[in-house]
Amino acid sequence: MSDNYPSRNYKTLLINSPGWINMAYNLVKPLLRSSTRAKITICNGGEKQDSLLIEILGADHVPRELLHDPSRIPSSSED
């Protein structure tokens, strides 16, 4: 089936998710293909989430309001 319907998802990030999301995902995870599981990342906030967002999206594209520590990205001066 994947020959006819190629994957269109590169990465799925669940950010600022509550703890119960991990429990729900662990129930569903065995039903997913390994290639799909590899594309899903669940973050509960903090420094690890900040690093992941900056790594995947790039420092220029991360909305500052999503970061635990916005000072990790220099303020942009708009002229």
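Residues: numbered from 1 along the sequence shown.
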In terms of heavy-atom contacts, G19 and N44 come closest through CA-ND2, 4.3 Å

Atom CG in L13, atom CD1 in I42: separation rounded to 0.5 Å? 10.5 Å

Here the gap from L52 atom CG to E47 atom CD, rounded to the nearest 0.5 Å, amounts to 12.5 Å

CG of N22 to CG of L14, rounded to nearest 0.5 Å, is 9.0 Å

Interatomic distance, L31 atom CG to R37 atom CZ [nearest 0.5 angstrom]: 9.5 Å

If hydrophobic clusters are built from ILVMFWY residues whose side chains come within less than 4.5 Å, do Y25 and W20 share one? yes

When you measure from the side chain of D69 to the backbone N and O of D50, does any donor-acceptor pair fall under 3.5 Å? no

Would I21 and V28 show up in the same hydrophobic cluster when neighbours are defined by side-chain heavy atoms closer than 4.5 Å? yes

Does atom NZ of K11 have more than 12 heavy-atom neighbours from other groups under 6.0 Å away? yes

Side-chain contact test, heavy atoms from C-beta onward, threshold under 4.5 Å: evaluate it for T41 versus I56 and give yes or no. no

Rounding to 0.5 Å, atoms NE2 (H68) and CD1 (I15) come to a distance of 14.0 Å

Are the side chains of Q49 and L53 in touch, meaning some heavy atoms are under 4.5 Å apart? yes

